[in-house]
Protein chains: 2
Amino acid sequence: MNATREEIIRIADELIRSKGYHAFSYADISKVLGVKNAAIHYYFPSKSDLGVAVIDNTAEKFQQTIRSWEQLPYETQFQHFVTMHQKTKKNEWVCLMGALSPTYDTLSENMQLQLKELADNIIIWLTGLLENGRAKGIFHFTEEAKAKAYCIQSSLLASLLLNKVLKNDVYQVIQNTILTV
Amino acid sequence: MNATREEIIRIADELIRSKGYHAFSYADISKVLGVKNAAIHYYFPSKSDLGVAVIDNTAEKFQQTIRSWEQLPYETQFQHFVTMHQKTKKNEWVCLMGALSPTYDTLSENMQLQLKELADNIIIWLTGLLENGRAKGIFHFTEEAKAKAYCIQSSLLASLLLNKVLKNDVYQVIQNTILTV
DNA sequence: GTCTATACCTGGATAGAC
DNA sequence: GTCTATCCAGGTATAGAC
């Protein structure tokens, strides 16, 4: 609950998602935060400690978010999930999974474990939502719910990536298409 | 058409797709190729020169490949396009676009330009294929062809990324879903 | 065209003062 | 908890011999 610690995590999260894990340095955080890099090492001795903290932080926020949606209709929950990726888009940031997955093999074992757990949890939640929604006649699709969840998660993740390259309306187009489940 | 030059490009391509652009070094290529890093600088003075060459090489291969498909039925062309991503999957490599797009903003201007051109060309070709196929009654979808192309390209790209993290059958599942257009 | 040698820099990390 | 100072490794890049 330390304020500085939280700030470091927040800045590192932005840097990972805008530049990538290997392309940012403690100096980048120092500049923004107005402290020396030694201060950052005090909180996170190694860069991978910081990486793990960023992933854990994202995982926590995700759990809190879906818990806050629990009472909402399935359709609304789904809309929230799809559009929550848009916030990151405005700043041209990709999501954490999109930023870290390409270099997965180069990450520390701890980062790999936490990232996999996060990915699993997202898919499990989304699969459940789609299944429940279909049972209630809200969603309409023929494939297995898990397959649908994979496709949706993939499309959203990659739409943010392609958006950086194409610099057009990819994200919006894909979102609109997905929303008509 | 220099053999060493071609080899360097091939190795760099693998390294970018397995580790990422910022996580590989000239030393990695030296090791595989059995030469010193100075030799690589002879062909590619700067790392971004090498990066551009890798992108151009991929763009060329893509153009050659789709040209070789020109006489095939739309359906077959589409199947080839979807399954061509699978080759890269076997080695746990992602596609070049998936590897480079997250760190797009950190790349040299030349790399950015070439990468955007490649992305544009893929979307243009895929959009045309989908449109022509639908006109002939082979494909069935209701959204705009370009939207469909965005979704398909996104799903394929991200399926390789998620595959690295989830280490399961994401790629296969998504491919099967996409193939039923 | 490839080598040795080396310059230069950045980045991650630590020791010890305050 | 933050600082200064510093170390070390690795990475990009170049000069000049062969």
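Chain letters run A, B, ... following the sequence lines, proteins first and then strands; every chain starts at 1. Since this is a predicted model, take the numbers as computed values, not measurements.
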Measure the shortest side-chain to side-chain distance between [X] and [Y] over non-hydrogen atoms and say whether it is less than 4.5 angstrom.
{"X": "A:Tyr150", "Y": "B:Gln172", "result": "no"}
{"X": "B:Thr65", "Y": "B:Trp69", "result": "yes"}
{"X": "B:Ile40", "Y": "B:Ser30", "result": "yes"}

Indicate, with a heavy-atom threshold strictly under 4.0 Å, whether A:Lys36 touches base, sugar-phosphate, or nothing.
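Here A:Lys36 touches the bases of the nucleic acid.
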
Just call it for B:Phe24: base, sugar-phosphate, or nothing, with non-hydrogen atoms closer than 4.0 Å on any strand.
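Touches sugar-phosphate only.
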
Measure [atom1]/[X] against [atom2]/[N] and give the value in whole Å, please.
{"X": "B:Asp28", "N": "D:dT12", "atom1": "CG", "atom2": "C1'", "result": "13 Å"}
{"X": "A:Leu50", "N": "C:dG11", "atom1": "CG", "atom2": "P", "result": "15 Å"}
{"X": "A:Arg5", "N": "D:dG1", "atom1": "CZ", "atom2": "C1'", "result": "14 Å"}
{"X": "B:Tyr21", "N": "D:dT12", "atom1": "OH", "atom2": "C1'", "result": "10 Å"}
{"X": "A:Glu7", "N": "D:dT2", "atom1": "CD", "atom2": "C1'", "result": "16 Å"}
{"X": "A:His41", "N": "C:dA13", "atom1": "NE2", "atom2": "C1'", "result": "5 Å"}
{"X": "A:Phe44", "N": "D:dT2", "atom1": "CZ", "atom2": "C1'", "result": "15 Å"}
{"X": "B:Asn37", "N": "C:dT2", "atom1": "CG", "atom2": "C1'", "result": "11 Å"}

Backbone N or O of A:Glu143 within a donor-acceptor pair of the A:Lys148 side chain at under 3.5 Å?
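Side chain of A:Lys148 to backbone of A:Glu143, a donor-acceptor pair under 3.5 Å: no, none is there.
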
For B:Ser155 and A:Ser154, run side chain to side chain donor-acceptor pair (under 3.5 Å): C-alpha distance rounded to whole Å, both residues' side-chain angles, the deciding distance at 0.1 Å, then the answer.
CA-CA 5 Å; B:Ser155 298; A:Ser154 292; 5.8 Å; no

In terms of side-chain heavy atoms of B:Tyr26, which of D:dA13, C:dG11, D:dG1 is nearest?
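For the B:Tyr26 side chain, the nearest candidate turns out to be D:dA13.
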
Candidate nucleotides C:dG1, D:dC3, D:dT14, ranked by approach to the side chain of A:Ala38 - the nearest
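Between C:dG1, D:dC3, D:dT14, the one nearest the side chain of A:Ala38 would be D:dC3.
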
Between A:Tyr43 and D:dT2, does any side-chain N or O lie under 4.0 Å from OP1 or OP2?
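Yes, within the criterion.
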
At under 4.0 Å, does any side-chain N or O of A:Thr4 touch on OP1 or OP2 of D:dT2?
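The answer is yes; a side-chain N or O of A:Thr4 sits under 4.0 Å from OP1 or OP2.
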
